Amino acid sequence: MHMSKRYTITAALPYTNGPIHIGHLAGVYVPADIYSRYLRLTGNDVAFICGSDEHGVPITIKAKKEGVTPQDIVDKYHAIIKQSFVDFGISLDNYSRTTAKIHHDTAQEFFKTLYDKNEFVEEVTEQLYDEEANQFLADRFVTGTCPKCGNEEAYGDQCESCGSSLNATDLINPKSAITGNVPTLKETKHWFLPLNKHEEFLREWILKGHKKDWKPNVYGQVKSWIDDGLRPRAVTRDLDWGIPVPVEGGEGKVLYVWFDAPIGYISATKEWAEREGKNWEDYWKDEDTKLVHFIGKDNIVFHCIIFPSMLKAEGSYILPENVPANEFLNLEGQKLSTSKNWAVWLPDYLIDFPNQQDVLRYALTANAPETKDNDFTWKDFQARNNNELVAIFGNFINRVVVLTNKYYDGIIPEPSAYNAIDEETLAAVKAYPSVISSSIERYRFREASQELMNLARLGNKYLADEEPWKTIKTDEARTKTVMFVALQIASALAVLSEPFLPFTSEKLKGILNTDANNWESISTKDILIPAKHQIGKAELLFSKIEDAQIEAQLEKLIASKKANEAANKAVEPQKEEIAFEDFTKLDLRVGTILEAEKMPKTKKLLVLKVDTGIDTRTIVSGIAESFSPEEVIGKRVTVLVNLAPRKLRGVESQGMILMTEDQAGHLVFVNPDDTKDGVSNGLQIS
Ligand SMILES: [Zn+2]
């Protein structure tokens, strides 16, 4: 097995406008972590790098909406995301952020180098402009119809429906995301990276050079972009949130977030190298270093075409060896969506399944969207845990540890001569490191995780066939040998499980009282854990997940779905026009509910006594399913007082209380705002 000496592994910079969910974990961070941990276990020098992507338009839009600064938004989510990575054992060597000074400096220097080398095309073009907001519109500030697929909600930088990378001016029927206005065109100067100039190099390097080793989904996307014809791509924007353009004429402009973000990998490496006393250039400029980008499929164009063109233009950097992008993970048959809250958020998962990070890591890996979009279901999650982690892996380890303690007080017994089955079993164990390596090195992590489980299966079968719990009564020597062999398998599992199940591996090493961590030694050494070695007591590695826990998760999702449906409820069209005189016929007053009781033998009706300012009157209202009588006493309300009285179940209702609905379909009162001085009952609403 030939190994490079040094690896730079990057994981897509998470966009800092929300926490991360299982789709991110499955698509990028778990595979990148498995790969990095594996490389370290096999003795390589690894820099595993990531950071928060903190510039760009959606963050400024979110900040505006929430009435805070963009910095407030990124500070909040940077902390949350960073913690999630720690919590889920993503073994990053550095988690940086693109608002860091080292990144601003690095990105500006990179831009300046390309500028000085004449690698940009400078052009005054007409860009979309929102006259009311007084702002140029690019990227997420503008939506419109995708010219390629007709999706009416494409953004100014990308169509999420067909994956096309777009310029804002490509959109048909563009609309400002700030004001909803139709934008005008206005002249502005920008710098463009002429991707067309790099087409030949990209064809040679990827289409010829990586036809065999890049994943077909990645290769196919890249090929179709190149065949489509590459065009110059603006690398600057008229915005105020971002990295200032460091050259003359760049005032009021910032680097396009997609120009600065991938440079974040470089600045995060610099930051780490400074801290660790290493030379960052070894990880980015040495031909012996392998650079691998882990990303989701929506980022392929940036990592396979734009960033390599930037690196090539700069001239002193290495290019990625591979970009093993994953497809998307769906959740219970639907696309994961942050805005629709259709997701399993990592902080929420940990509350509901404390200390069960490895279960999620395993379920996501065993079902990873490596070659096509895949579906995460809670039922599958439960089955992966109960039928594989508990019934196979956990069960094997538990039997080995319990029996060793029971028969030998936890001291590993001396084996006698092996029989053919022992020999075969130990030979099979020795084959696993290279089998799993081969899958990992080809970025087939689900296959690799299944091979790991096969090793646990082998252990289970060995014990079931050799039945030490029976031979203990008849053949002491044989029992010792069987337990010795089983302990070798347990020891191999402790090491080989580390990339996939890091928390479990650590716990298992604790139980076996070993710090073994050499991948290859499992193939080369005859004894992984020696006789006379003292192991610890049994502890459960995994526990069964009950149906009720799964039901609770499904109910959460159903609640999200209902809230979404309510939010997306079609707004009723406007009614027929009325004259002002018609409106003045309505006598609407501010009132207060004084008493309330349920109308006997009905579900919906409350009988209310309401102070209307004119009088105290009885009103029957159909709100009993949303409110208890106690809840509404004292409520300020709006009353239509001159509605003709009518009898409901024998009670005369003298007016109507105005109601509307919230997003979940609950009734809410339409009532006056509270002010310092208060609004008196009886005041007219006009
Ligand atoms: Zn499209």
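Ligands are counted one by one from 1 in listed order, and the atoms in each one are counted from 1 as well. Heavy atoms only: backbone and side chains are in, while hydrogens, waters and symmetry mates are out. The structure presented is a predicted model; accordingly, all values stated were derived computationally and were not measured.
- Sequence neighbours left out, the pairs with a member in residues 157-184 that pass salt bridge (charged side-chain N to carboxylate O under 4.0 Å, His left out) are Arg140-Asp157, Arg140-Glu160, Asp170-Arg231.
- Side-chain contact check for Asn322 and His210: no donor-acceptor pair (N or O, by modelled atom type) lies under 3.5 Å.
- Asn326 and Lys215 form a side-chain donor-acceptor contact under 3.5 Å, judged by distance and modelled atom types alone.
- A donor-acceptor contact under 3.5 angstrom links the side chains of Glu441 and Tyr38, judged on distance only.
- Protein N/O/S atoms found under 2.8 Å from the Zn ion (ligand 1), listed by chain and residue number: Cys146 SG, Cys149 SG, Cys159 SG, Cys162 SG.
- Defined by atom type and a distance below 3.5 Å, a donor-acceptor pair is present between the side-chain atoms of Ser91 and Asp33.
- Of the N and O atoms on the side chains of Asp116 and Thr113, not one donor lies less than 3.5 Å from an acceptor on the other residue.
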